[in-house]
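The structure under discussion appears below in the form of structure tokens.
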Amino acid sequence: MAENAWNLKDPAKVALAYTPDSRWRNRSEFVNGRAEIEAFLTRKWERELDYRLIKEIWAHADDRIAVRFVYECHDTDGNWYRSHGNENWRFDAQGLMAERHASINDVAIQESDRLFRWPSGVRPDDHPGLTELGL
């Protein structure tokens, strides 16, 4: 569900999955609360064009999940990137995400090297995941 929501790129809708006082670390940026999450995602998707994301659960226990992910996007100059990351999530008793800690590394790629080529929106059910793609 998280992957689908992020691939739909609706900052207001995505922010509702987080507690009102949710705390994030995304790379070197610290974000607090839904309003800041929404603003962060708006900025993100304004500069990361043709964004496509795949997430995979790495581990989980009690109220915590570790996820690895890869996304592809390009900037306004047409430079393509594949970003590899890990996230640690903690949920509250209602199932909303209270904390998100993301570490991400960007790799420049050629457009011809893209692996995520589905139409904008949710990844199709028959599209391979990270493990199947060797990522």
Side-chain angles (χ1 to χ4, degrees):
M1 289 175 22
E3 175 187 311
N4 290 347
W6 281 59
N7 276 326
L8 292 171
K9 299 180 285 287
D10 182 340
K13 193 171 193 176
V14 171
L16 293 176
Y18 302 90
T19 61
D21 61 346
S22 185
R23 295 181 305 121
W24 283 21
R25 182 192 51 77
N26 193 88
R27 302 176 191 252
S28 61
E29 190 168 349
F30 294 84
V31 179
N32 295 290
R34 284 186 182 153
E36 288 185 20
I37 290 169
E38 187 174 339
F40 169 87
L41 293 172
T42 298
R43 289 190 313 274
K44 173 184 179 61
W45 291 322
E46 285 174 350
R47 70 177 182 273
E48 294 179 353
L49 307 174
D50 289 319
Y51 178 93
R52 306 286 188 281
L53 166 74
I54 299 177
K55 289 184 181 276
E56 186 174 278
I57 292 177
W58 189 254
H60 60 88
D62 300 322
D63 63 348
R64 298 168 193 269
I65 297 176
V67 174
R68 67 188 198 96
F69 64 89
V70 176
Y71 66 86
E72 294 179 347
C73 64
H74 67 86
D75 61 21
T76 56
D77 293 327
N79 300 304
W80 281 91
Y81 299 92
R82 182 174 298 131
S83 300
H84 302 258
N86 297 293
E87 295 176 322
N88 296 312
W89 301 342
R90 186 182 61 79
F91 295 87
D92 72 1
Q94 288 72 46
L96 296 174
M97 194 180 300
E99 292 181 44
R100 175 182 175 268
H101 305 277
S103 298
I104 306 167
N105 299 301
D106 303 315
V107 178
I109 62 171
Q110 296 297 311
E111 193 283 336
S112 60
D113 293 328
R114 291 177 53 212
L115 298 174
F116 305 171
R117 294 184 174 272
W118 65 85
S120 183
V122 173
R123 176 171 54 113
D125 291 338
D126 62 346
H127 191 284
L130 298 179
T131 298
E132 293 82 10
L133 291 168
L135 297 172

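Note on Trp118 and Leu135: same hydrophobic cluster, where clusters join Ile, Leu, Val, Met, Phe, Trp and Tyr whose side-chain heavy atoms are under 4.5 Å apart, directly or indirectly. Under the 4.5 Å side-chain contact rule for hydrophobic residues, Ile104 and Leu41 share a cluster. Connection of Ile65 to Tyr18 is established within a shared hydrophobic cluster, with ILVMFWY side chains joined at heavy-atom distances below 4.5 Å, either directly or through further cluster members. Hydrophobic cluster membership is shared by Met97 and Ile57, with clusters built from Ile, Leu, Val, Met, Phe, Trp and Tyr side chains linked at under 4.5 angstrom. Under the 4.5 Å side-chain heavy-atom criterion for Ile, Leu, Val, Met, Phe, Trp and Tyr, Val70 and Leu115 are members of the same hydrophobic cluster.
By the neighbour-count criterion of 12 heavy atoms within 6.0 Å, atom NE2 of His101 is densely surrounded, having more than that number from other residues, nucleotides or ligands. Within a 6.0 Å radius of CZ in Arg114, more than 12 heavy atoms belonging to other residues, nucleotides or ligands are found. Residue Trp58 qualifies as open at atom CH2: its count of foreign heavy atoms under 6.0 Å is 12 or below.
Exactly one of Trp6, Trp45, Tyr51 qualifies for a ring pair (Phe, Tyr, Trp, His ring centres under 6.0 Å) with Tyr71. That residue is Tyr51. Evaluated for a side chain to side chain contact (heavy atoms under 4.5 Å, CB included) with Arg90, the options Thr19, Asp62, Asp63 yield exactly one hit, Asp63.
Within the model, atoms NZ of Lys44 and CD1 of Ile37 stand 13.5 Å from one another, a figure rounded to the nearest 0.5 Å. We find the CG-CG distance between Asn4 and Leu53 to be 9.5 Å, quoted to the nearest 0.5 Å. The distance from the CG atom of Asn26 to the CZ atom of Phe40 is 3.5 Å, given to the nearest 0.5 Å. Put simply, SG on Cys73 and OH on Tyr81 are 8.5 Å apart, with the number rounded to the nearest 0.5 Å.
Minimum interatomic distance between Gly129 and Ile54 (heavy atoms only, all atoms of both residues): CA-CG2, 4.1 Å. Between Asn7 and Gly121, the shortest heavy-atom distance links the atoms CB-O, 3.3 Å. Between Asn88 and Ala66, the shortest heavy-atom contact is OD1-CB, 3.8 Å. Nearest heavy atoms, Ile109 versus Asp113: CB-CB, 4.3 Å.
Panel note: side chain Asp77, backbone Asn79; no donor-acceptor pair is recorded below 3.5 Å.
Cation-pi geometry between Arg100 and Trp24 is met: the NZ or CZ atom falls under 6.0 Å from the ring centre, inside 45° of the normal.
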Worked check of side chain to side chain contact (heavy atoms under 4.5 Å, CB included) between Thr131 and Glu56 = CA-CA 8 Å; Thr131 298; Glu56 186 174 278; 2.8 Å; yes

key: Derivation of the side chain to side chain contact (heavy atoms under 4.5 Å, CB included) call for Val31 and Glu36   = CA-CA 6 Å; Val31 179; Glu36 288 185 20; 3.5 Å; yes

message = Could you go through Asp21 and Asn32, starting from their C-alpha distance and side-chain angles, then the distance that decides it, and tell me whether this counts as side chain to side chain contact (heavy atoms under 4.5 Å, CB included)?
response = CA-CA 6 Å; Asp21 61 346; Asn32 295 290; over 6 Å; no

task = May I have the step-by-step check of salt bridge (charged side-chain N to carboxylate O under 4.0 Å, His left out) for Arg25 and Glu99, ending in yes or no?
result = CA-CA 8 Å; Arg25 182 192 51 77; Glu99 292 181 44; over 6 Å; no

task = Check step by step if side-chain hydrogen bond (donor to acceptor under 3.5 Å, both in side chains) holds for Asp106 and Ser83.
result = CA-CA 4 Å; Asp106 303 315; Ser83 300; 2.5 Å; yes

request  = Mind running side chain to side chain contact (heavy atoms under 4.5 Å, CB included) on Arg47 and Arg43 for me, showing each step along the way?
outcome  = CA-CA 7 Å; Arg47 70 177 182 273; Arg43 289 190 313 274; 3.8 Å; yes

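Classification of Asp50 and Arg117 as a salt-bridged pair fails, no side-chain N sitting under 4.0 Å from a carboxylate O. Arg68 has no carboxylate O lying under 4.0 Å from a charged side-chain N of Glu87, or vice versa, which leaves the two without a salt bridge. Using a 4.0 Å cut-off between charged side-chain N and carboxylate O, Glu72 and Arg52 make no salt bridge.
With a 4.5 Å cut-off on side-chain heavy atoms, Asn86 and Val67 do not count as touching. Proximity of Phe30 to Arg23: side-chain heavy atoms (C-beta onward) are nowhere separated by under 4.5 Å. Using a 4.5 Å cut-off on side-chain heavy atoms (C-beta onward), Lys9 and Ser120 make contact. Looking at Arg34 and Leu96, their side chains come closer than 4.5 Å, going by heavy atoms from C-beta outward.
The salt bridge (Lys or Arg N to Asp or Glu O under 4.0 Å) analysis of residues 118-134, with sequence neighbours excluded, yields the pairs Glu3-Arg123.
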